[in-house]
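In what follows, chains carry the letters A, B, and so on, assigned in the order in which the sequence lines appear, proteins first and then strands, with residues in each chain numbered from 1.
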Amino acid sequence: MPRKELAKMYNPKDFEDRIYQNWEEKGYFTPQIDENKTPYTIVIPPPNITGQLHMGHAVDNTLQDILIRWKRMQGYCTLWVPGTDHASIATEAKIVESMRQEGLTKDDVGRDGFLERAWDWKKQYGGRIVKQLKKLGSSCDWTRERFTLDEGCSKAVQEVFMRLYKKGLIYRGKRMINWCPHCLTSISDVEVVYEDQPGSFWHLRYPFKDGSGYLELATTRPETLLGDTAVAVNPEDERYKDVVGKTLILPLVGREIPVIADEYVEKDFGTGVVKITPAHDPNDYEVGLRHNLEVINVMTDDAHIVDDYPKYAGMDRYEARKAIVKDLEEQGFLVRVEPYTHSVGTCQRCHTTVEPRVSLQWFVSMKELAGPAIEAVRSGDIRFIPERFNKNYFHWMENIRDWCISRQLWWGHRIPAFYCDDCGETVVTQEKNPVCPKCGKPMRQDPDTLDTWFSSALWPFSTLGWPDETSDLKYFYPTSTLVTGYDIITFWVSRMIFSGLEYTGKKPFSDIFIHGLVRDSQGRKMSKSLGNGIDPLQVIDQYGADALRFMLANGTSPGNDMRYSDDKVKAARNFANKLWNASRFILMNLSDEIVKPELPETLLMEDKWVLSKYNATVKTVNDNLTNYELGVASQNVYDFIWDVFCDWYIEISKSRLNAGGETALNAQKVLVYVMSGILRLLHPFMPFITEEIWQALPNDCETIMLAPYPAYDENLNFAEEEQEFERIMNAIKAVRNIRTEKNVPPSRKAHLYIETAYTATFEKGKAFFERLCSASDVTIAESISIENAAIGVTESAKLFLPMGELIDKEKELARLRKEQESCQKDLDMISHKLDNPDFVNKAPEKVVNNEKAKLARAQDRMKKILESIASMQ
RNA sequence: GGAGGCAUAGCUCAGCUGGUUAGAGCGCAGCGUUCACAUCGCUGAGGUCCUGGGUUCGAGUCCCAGUGCGUCCACCA
């Protein structure tokens, strides 16, 4: 059968799509239960509709897939917990689609920011994520439709809600919450974005009822005056001691309100007097609870003044502010206004200023759930990588507040709570149309939906079929690893941990591999509003998925942000090109009789050198992958391929390949053997190109995805040959250096004389000098004396390059003296160290011996330099 | 206000538990193209590892203080 050839040019478009399709058709992505193998499971985050961090998804998916492919090649049975959440684009797209079929328009979803966007982006968005994953080569099974809104996930969510309710860990209560008057929904604390905004500080005065003057206070929100039910001072504040307990008349409204004393008030801020509006400020609400104050709501859902205040009714909060300030001023209650910048909470999605408000919501009480979750991380049962994110986690968990889980959105899991309008009974049930157990009347379901993260928290087990005891759940849970960005630790990671522990009794995963965020080339967060987001699909189109993946892995170190730049992807693409061409070279020189990667019986020095280097690379790559140091691991592979394999081994193999016969065949075998290892080492990082080359080269596995990952092999350690070859390399570099310095073009060959104690070694490398540093002939001896030559010195050899008229004795001497100087510096430094008795006595023996060896080498070199100088004079 | 992070070559970043002559990619300078690759090769220049103390035989690495720049959380009448 004729051997498959590689195209002359590396072009990822020629094969990436084809290869993915092929993998998919062969079913390599379908997870399988294999009781003989250890499962390796990664939890994939549900994609987010905001979709702004597309490159963020690419990082997640790439890093996950690298680990998956690596583990799979080690014989682990792997699974990537897949699927789509109700918060996912795919599901929203479905909703949009069905709404359209019902003849609804975009206006009908106008109050829902998420759906509004989904409407605009149309339904492709769901497909887009899938497309992106495929393009990236992600080995993820997307065929599992059962975890969508209507089925498995819903069941799990309801189950959890019921359990928590029965345990008393879920309750409905009045609470000061953040309310977005635009989205008309409550939003959690973490969804509020604080922005510094210029505003004003209005100093007002409230008159005492008994006519004994005024109390001056300051506020940034005069419109909330309508809801004031008290004025507070600090109990320690001498200035106001005697006014506590007196009654004030609320300007404009005429309400009688008390002056109270509360610790919450800071004496030194403003006038030391605070108006208390329990309905419109979280702190005031707390104060109100302590003092039994009335809660008077003055605003509607969309932040307009309620009808109770006819003069201002229907105005929005900012209009009302103007009107009220104007009235206060006219009636003499405004003392002065000063400019004041303060941070204002805004809605993460629509950036409307949030309005704190008292509302009836569902809560999960967190204290009891947080305990075991903290313990799991503290005991090391679950670990963050890097470890420092523990602190983040603890800080949040230890100061946790109850979690408001109800959302007023149009889509999502509906809260399974029913109310009886007749008798006020509340029932939590999975039944669709329950009747009131007290009066037998039909009940009304809570219109609210659950916070996205409530269901996302169940991800690791709900996607495996929980609450049913499925075989998947038994085999794959707990999962091995979660890969995600640090921005999501509190939203998602911590909630998965306590949820897993609470509902399944087991931790959801052991390792949490945290990566940084991708920023633009200027270090800014990628965002839609800035327009600086980079579309991974476009990058893939331009440079190929392998290049993008490699760039994402290579540029990353755990937990640290990275900047995206085209140049980095280009560098990765060039690397792929290098590998491509190296493979083409091997294929072009390959005899038909080589049918699988296999080492020859006899290995030359350079073969042993490259194998030894390869073996060391295999070890460090595996070690680094084990430690989640994907960036370092990819760099290890890169360095080996480019610097060791291509720049040296392939170059020196050329003369053997040209020579033909057995030595050529042996060289081919080593080339194929090492290349086969390289491809497998690199496969997790660059899946497509490695598979394409794998298929062209002699191999012993139908796909590289299932070929064994290279493992460290004691038999491939050749320390001696490594050292030998390194002596030759150093000599070659020295000669090249001299030639460049003298501007000698490669076309001009020169006879090279090598004086060395290692004649046997250098004899073995004779041919290399001809090819790699333009030697016309090489003479090797233990002692050589040449007049009129440029001289290079390494620790193991003196190199003479007689080049007639190009040699200027004085310049040569100057050059050698410069070398002498730098060598002397080394010598001084090392001997200074070794002369220090403290160092010799206290430093570990290994370090001292290392220094001694260094000293010996430097001395050898110095000796040769001095000899050379002497010989020239 | 609390927590945590970063600061290393012109740029983007590596440098793990202290022992290197402090590295890479890009960029820059010089030379080079029939014979895998110009998406290339060879050679080179370029660094007070933010500042000041401390621990140590030894600090880019550990400790303390300071400066500068991001991040998360809380608060802001």
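Rounded to a whole Å, the CG atom of D643(A) is 11 Å from the P atom of U43(B). Across the protein-nucleic acid pair, F384(A) atom CZ and G4(B) atom C1' stand 13 Å apart, rounded to whole Å. Between R519(A) atom CZ and G70(B) atom P there is a gap of 10 Å when expressed in whole angstrom units. Note: CG (L579(A)) to P (A36(B)) measures 16 Å, nearest angstrom. To the nearest angstrom, P of C40(B) lies 10 Å from CG of N581(A). If you measure from atom CG of N554(A) to atom P of A24(B), you get 14 Å, rounded to the nearest angstrom. If you measure from atom CE of M562(A) to atom C1' of A14(B), you get 12 Å, rounded to the nearest angstrom. If you take NZ of K846(A) and C1' of U17(B), they are 13 Å apart, rounded to a whole angstrom.
In this structure, V265(A) reaches the bases: a heavy-atom distance under 4.0 Å links it to at least one base atom across the strands shown. Here R573(A) lies in heavy-atom contact (under 4.0 Å) with a base. Looking at heavy-atom distances under 4.0 Å, K654(A) makes contact with a base. Heavy atoms of N560(A) sit under 4.0 angstrom from primed sugar atoms or phosphate atoms, though from no base atom. Heavy atoms of C646(A) sit under 4.0 angstrom from at least one base atom. Residue contacts shown for S557(A) are limited to sugar-phosphate atoms, with no base heavy atom under 4.0 Å away. Residue F575(A) is out of contact with every strand shown, counting any heavy-atom pair closer than 4.0 Å. Note on F389(A): nothing from the nucleic acid sits closer than 4.0 angstrom, heavy atoms only. If you check every strand for non-hydrogen atoms under 4.0 Å, A582(A) touches a base. Nucleic acid contact for I276(A): none, since no nucleic acid atom lies under 4.0 Å from a heavy atom of the residue.
Below the 3.5 angstrom threshold, one finds no donor paired with an acceptor across the side chain of E398(A) and the base of A3(B).
The pair E223(A)-R317(A) does not count as a salt bridge, with every side-chain nitrogen at least 4.0 angstrom from each carboxylate oxygen. Salt-bridge formation is not detected for the pair E16(A)/K13(A): no Lys NZ or Arg NE/NH1/NH2 atom is positioned less than 4.0 Å from an Asp or Glu carboxylate oxygen. Of the charged side-chain nitrogens involved, at least one lies within less than 4.0 Å of a carboxylate oxygen, so that E851(A) and K854(A) count as a salt-bridged pair. Between E338(A) and R336(A) a salt bridge is recorded (basic side-chain N to carboxylate O distance below 4.0 Å). One finds no salt bridge joining E770(A) and K749(A) here, because no Lys/Arg side-chain nitrogen approaches an Asp/Glu carboxylate oxygen to under 4.0 Å.
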Report each atom pair, protein N/O against N/O of nucleotides 19-22 of chain B, whose distance is under 3.5 angstrom.
residue : atom : partner : partner atom : Å
U20(B)  : OP1  : K833(A) : NZ           : 3.3
U21(B)  : OP1  : K854(A) : NZ           : 3.0
U21(B)  : OP2  : K854(A) : NZ           : 2.9

Could you go over nucleotides 59-65 of chain B and give all protein N or O partners under 3.5 Å, atom names and distances?
none

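Side-chain proximity of E629(A) to the nucleotides A36(B), G15(B), G44(B) is greatest for G15(B). The N743(A) side chain lies nearest to C31(B) when the options are G70(B), C31(B), C37(B). For K391(A), the listed nucleotide lying nearest its side chain is G5(B); candidates were G5(B), G25(B), U12(B). Closest approach to the H395(A) side chain among C37(B), C42(B), A3(B) is made by A3(B) (side chain taken as heavy atoms from C-beta onward). Nearest to the side-chain atoms of Y486(A) among the listed nucleotides U39(B), A36(B), U71(B) stands U71(B). Side chain of D647(A), nearest nucleotide from G41(B), A14(B), U39(B): G41(B). With distances taken from any side-chain atom of Q635(A) to the nucleotides C75(B), A36(B), A24(B), the minimum falls on A24(B).
For U71(B), neither phosphate oxygen OP1 nor OP2 lies less than 4.0 angstrom from any side-chain nitrogen or oxygen of N392(A). Residue R563(A) places at least one side-chain N or O closer than 4.0 Å to OP1 or OP2 of C13(B). Dashed line: the shortest gap from a side-chain N or O of K568(A) to OP1 or OP2 of C11(B) is not under 4.0 Å. Note on N574(A): a side-chain N or O is less than 4.0 Å away from OP1 or OP2 of C40(B). Taking 4.0 angstrom as the limit, W642(A) places a side-chain polar atom (N or O) nearer than this to OP1 or OP2 of G41(B).
Remark: the D228(A) side chain and the Y206(A) side chain contain an N/O donor-acceptor pair separated by less than 3.5 Å. N730(A) and E726(A) share no donor-acceptor pair across their side chains, judged by distance under 3.5 Å alone. If you check the side chains of D566(A) and Y564(A), you find a donor sitting under 3.5 Å from an acceptor. In summary, the side chains of S557(A) and N560(A) do present a donor paired with an acceptor at a separation below 3.5 Å, with no hydrogens or angles considered. Residues S831(A) and K833(A) have side chains that never bring a donor and an acceptor to within less than 3.5 angstrom of each other.
On the P atoms, G15(B) is 9 Å away from A7(B), given to the nearest whole Å. For the P atom pair drawn from C42(B) and C37(B), the interatomic distance equals 15 Å after rounding to whole Å. A distance of about 16 Å separates the P atoms of C64(B) and G18(B), rounded to the whole Å. Separation of the P atoms belonging to C40(B) and G23(B) is 24 Å when rounded to the nearest angstrom. Spacing of C1' atoms, G19(B) relative to C62(B), comes out at 14 Å, to the nearest Å. Nucleotides U48(B) and A9(B), compared at atom P, are 9 Å apart to the nearest Å. For A59(B) and G53(B), the P atoms lie 14 Å apart once the distance is rounded to whole Å.
Ranked by how close their nearest RNA chain B nucleotide is to the 5' end, R388(A) and Y638(A) are led by R388(A). Nearest-nucleotide positions on RNA chain B place N589(A) closer to the 5' end than the other of N589(A) and Y264(A).
If you look at Y638(A) and F575(A), their ring centroids are closer than 6.0 Å.
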Pair D262(A)-R290(A), salt bridge (charged side-chain N to carboxylate O under 4.0 Å, His left out): steps then yes or no: CA-CA 9 Å; D262(A) 195 282; R290(A) 285 197 286 273; 3.0 Å; yes
Taking Watson-Crick and G-U wobble pairs with both distances under 3.5 Å, convert RNA chain B into its dot-bracket string, 5' to 3', dots for unpaired and | for cross-strand pairs. (((.(((..((((.....[...)))).(((((.......))))).....(((((..]....)))))))).)))....
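Checked against F384(A) for a ring pair (Phe, Tyr, Trp, His ring centres under 6.0 Å), the options Y393(A), F394(A), F513(A), Y628(A) give a single hit: Y393(A).
For the pair K578(A) and F645(A), the cation-pi test (distance below 6.0 Å, angle within 45°) is failed. By the 6.0 Å and 45° rule, R221(A) does not stack over the aromatic ring of W202(A).
Counted within 6.0 Å of CD on Q824(A), heavy atoms from surrounding residues, nucleotides or ligands total more than 12; the atom is thus considered enclosed.
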